[in-house]
There are 2 protein chains.
Amino acid sequence: MRFNIKDVARKAGVSISTVSRVVNDSKAVRPRTKEKVEKAIEELGYKPNAIARSLKIKNTKTIGIMIPDISNQFYPEVVRGVEDVANMYKYNIFLCNTDLDKEKEVQYFDALEEKQVDGIIFMGNLIPLELGEKFQKSDIPIVLIGTDYGDLPSVTINNHQASIDVINYLIKKGHKKIGMITGKEYDPVVGLARKEGYKKALQEADIEYVEELIIEGGYRFRSGYEGAKKLLDFKNRPTAIFVASDEMAIGAIRAALEKGIAIPDELAIVGFDNIDMAGKVYPSLSTIAQPMYEMGAIGMRVLTKILNDETLDNKKVLLNYSFIERESS
Amino acid sequence: MRFNIKDVARKAGVSISTVSRVVNDSKAVRPRTKEKVEKAIEELGYKPNAIARSLKIKNTKTIGIMIPDISNQFYPEVVRGVEDVANMYKYNIFLCNTDLDKEKEVQYFDALEEKQVDGIIFMGNLIPLELGEKFQKSDIPIVLIGTDYGDLPSVTINNHQASIDVINYLIKKGHKKIGMITGKEYDPVVGLARKEGYKKALQEADIEYVEELIIEGGYRFRSGYEGAKKLLDFKNRPTAIFVASDEMAIGAIRAALEKGIAIPDELAIVGFDNIDMAGKVYPSLSTIAQPMYEMGAIGMRVLTKILNDETLDNKKVLLNYSFIERESS
DNA sequence: TTGTATGCGTTATCAG
DNA sequence: CTGATAACGCATACAA
C-alpha cells in the first residue's frame, strides 16, 4: 500500500501543507505538530512522491549519461566518477549505451529530454552535426567528456601532446623504428590527435615517417592484435609500437608473445588510457594514464556548477595525463 | 523555450485533448486535424513531459539497477544485458553503485522508490536482513541476479555444481594437489557454494582435503595475486589452482609467472566468470563461463514479464554455465 | 504557526 | 470526432 501526503495529513490531523513543511523541513513548524506528523509518516511508511514533486518544482535531481558502451573497459571508470559525485549532490543517473550509433544517440537524447533530466554528460567520438546542433539548442545543460564540440563545456586531456611525449620517450630509449596502431582517424579530438602527435614527434627528431608502420585500428582488442601481427611480419619490423588504446595494446602484446618476440627486449609496447587491466597483465603495460575517474567526477562537478548557477571560470577544462612506465617498454 | 500541450493546442486551434490523442495516437482523430496538430508540434518542437505523464498514469518506464561497482570487471557486461532489453521495452535505467555497503543499498533503494521506478534489478552478495525484508514488503517488483533471497525472483547459475565440474576436470587431467582461492565465504549462494563444490569433488574422488591449500580471497586481483604467492611458496605446492574469480585468477597467473613457474606445464590455473579479459591475457585463462550478458538480459526480461502481468512459469531461473578450456590449464 | 486554494503538464471520463 | 474538466501528488502564495 502506497500512501500520499493526504493520508498522513489526515492521520496526523493537520493539513497537507504542514506535512509538506515537515517533509521539506521548511519554515517553522511547532515542535508538537512536527512530532505528530513525523509519527504519522513513520506509522504509514510514507515516502514522498518525487515525480509529483518534480512536476511542481521543475527539476528532477536526475541526470543522463550517454556513453558508447559500458562493457568497453574504458567507460566504467569514468561512469563511476560521474556517479560518485552525482550521488554526493543527490542526483540519480540514467545510463545510456549509444554504441556510437547516431540514431541511438538522438533517440536517447530525446528520451532524456522528455524525462526532464536536469543535465546530461556525453561521451562519444566525433559528434555528428545533427546531434551537436541539438546539444547547442537544448536548454538542458550538457557537458562533454573526452570529446569536444563548439562552445559546449568539456573535460579532456591533450591527446596530441601526450602522443608526442610517448614517442619522445621511445626515441630517448633508442628506438628508431617506431610503429603505431591508431584509433579512429575520422575523430579529430582523439584518434587523429594521437596520430598527429606521433608524426610531429618523429619529424622533430628527424626520423623518417614510414607510412607502412602506421596501422589504423579501432580501439578494441582484435584490431590491436591483428595490427601488431601485420607490423611484426615486416622484414624490417619496428622495435617499438605505440598503440592508441590499452585494449589494443594488450592485443599487440599477445601477438608478439605468440610469435615468440620478447617484450620489452625485442619489442617495446606502449598503450594509452591506463585501464584497470594495464597494470595486471603480464608483462604489465606502459601507458599514458588518462585520469578516467577524475574526468567523470570533474565532468559531473562542472555540471553541478552549471545547475547551481555557480560561475564557471573555464568551460573547457584540460586535465593532466601522466606516463606510467611498466614492464612492456 | 519549452512548450507544453497547451501551446500546441492553441497553435493548432484545437483542444488539449485532441493534442494528447495525436501524441498517443489513441482513438480516432480526423486526418485533417491530426495533420494540423502534427504541424504545430513540429513547428514548436514540442516534446511531451514524461514527468507529468507519469504522475497521471502511474508508471515511469524507468527501472533501477543496483550493483556493487560498475568499475568491477564483472558487472558492466550484465548491466549491458539489462540495458539492451530495457531499451527494447522502452525503459530507462537508473544506475546505482552500492559498494556492497548496507547503508548505500538502503539509501538507493529508498531513492528509487521515491522516484517511482517501475522495477528494480539487484545484484550483491549476501543480502542483509533489513534489505531483504524491505524487498519483500515493497510493492515494486524486484529481481535478483547472481544472488537469491526468500521467494524473490532471481536468475543465477549453479555455482556448486560448476565448481565440482572444474575440479573433476582437473582431476581427470591428473592433478592430485589442487589448491583453491575462494570468494567471500560468508556468502552462501556464491562464495561458499564454490568452496563446497571444491570440497565435494575432492571427497568423491577420495583425495584428501588439505586445509592449507585453501586461501580465502575476495574476488579482486590483489587477493588472487597474494593468495597464489602463498600457495606457491609451500614446499609441497599444488599443481593446479582453482580460483573463484577471473580477476583473482589473473593475479594468480602473474604471481606464477613472476616466480618463473610455467603455465600450464608446472601449474594449471582455472578461473571463474569469463570476464572479457580472460580470453585476452597471455596465457589465456581457462574458466567457468557465467553467461553474464544473458543474466542481465534475462533478469530484465523477467522483470518486464512481471510488469506486464505475464505469467511467470518460474520465479527462480537457473542458467547454464560452461567450461572454457584455454591456455592456462 | 497553520490551512486553503491554485497550478505544474498530462490523461481520461463524459458530454456534445 | 472533439472539447471541458477532473484528477495525479505535491509545493507554495496568500489568508487567517
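Residue numbers begin at 1 in each chain, while the letters A, B, ... track the order of the sequences.
Checked against A:P128 for a side chain to side chain contact (heavy atoms under 4.5 Å, CB included), the options A:L131, A:L126, A:N125 give a single hit: A:L131. Considering A:V29, A:V37, A:T33 as possible partners of A:R21, the one that fulfils the side chain to side chain contact (heavy atoms under 4.5 Å, CB included) test is A:V29.
Remark: the B:Y46 side chain and the B:N4 side chain contain no N/O donor-acceptor pair separated by less than 3.5 Å. Neither side chain, B:N92 nor A:Y108, offers a donor N or O lying under 3.5 Å from an acceptor on the other.
Annotation: salt bridge (charged side-chain N to carboxylate O under 4.0 Å, His left out) contacts of B:K316 (sequence neighbours excluded): B:D148. For A:D313, the side-chain contact (heavy atoms from CB on, under 4.5 Å) test picks out no residue, with sequence neighbours left out. With sequence neighbours excluded, the residues that form a side-chain hydrogen bond (donor to acceptor under 3.5 Å, both in side chains) with A:S71 are A:D69.
Looking at residues 34-48 of chain B, you'll see B:Y46, B:K47, B:P48 sit with a heavy atom under 4.0 Å from some atom of DNA chain C. Within a heavy-atom distance below 4.0 Å of DNA chain D, the residues of residues 50-58 of chain A found are A:A52, A:R53, A:K56, A:I57. Against DNA chain D, the stretch residues 8-25 of chain A makes heavy-atom approaches under 4.0 Å through A:I16, A:S17, A:S20, A:R21, A:N24.
Applying the salt bridge (Lys or Arg N to Asp or Glu O under 4.0 Å) test to pairs two or more places apart or on separate chains, those with a residue in residues 113-122 of chain A are A:E113-B:K47. Applying the ring-ring contact (aromatic ring centres under 6.0 Å, His included) rule to pairs touching residues 109-131 of chain A yields A:F109-A:F135, A:F122-A:F135, sequence neighbours excluded. The ring-ring contact (aromatic ring centres under 6.0 Å, His included) pairs that include a residue from residues 48-102 of chain B are A:F94-B:F94, where partners are two or more places apart or lie in different chains.
Close approach of DNA chain C to chain A, defined as any atom under 4.0 Å from a non-hydrogen atom of the protein, starts and stops at C:dT1 to C:dG9. Running 5' to 3' along DNA chain D, contacts with non-hydrogen atoms of chain A at under 4.0 Å begin and end at D:dG9 to D:dA13.
Residues B:E130 and B:K102 share a closest heavy-atom pair of OE1-CE, 3.1 Å. The two residues A:I145 and A:M123 make their nearest non-hydrogen contact at O-CG, 3.6 Å.
Counting only distance, with no hydrogens or angles, the side chain of B:N24 and the backbone of B:S20 share a donor-acceptor pair below 3.5 Å. Put simply, the side chain of B:T60 gets close to the backbone of B:Q116: a donor and an acceptor are under 3.5 Å apart.
One end of the helix from C:dT1-D:dA16 to C:dG16-D:dC1 points its axis 40° away from the other end's axis, with each axis taken from 5 pairs and the angle rounded to 10°.
As judged by a 4.0 angstrom heavy-atom cut-off over every strand, B:T33 is placed among residues touching the sugar-phosphate backbone only.
The pair B:D7-B:R10 meets the salt-bridge criterion, since a charged nitrogen lies less than 4.0 angstrom from a carboxylate oxygen. Ion pair B:K39/B:E43 flagged as a salt bridge, since at least one NZ, NE, NH1 or NH2 atom sits closer than 4.0 Å to an Asp/Glu carboxylate oxygen. Ion pair B:R80/A:D99 flagged as a salt bridge, since at least one NZ, NE, NH1 or NH2 atom sits closer than 4.0 Å to an Asp/Glu carboxylate oxygen.
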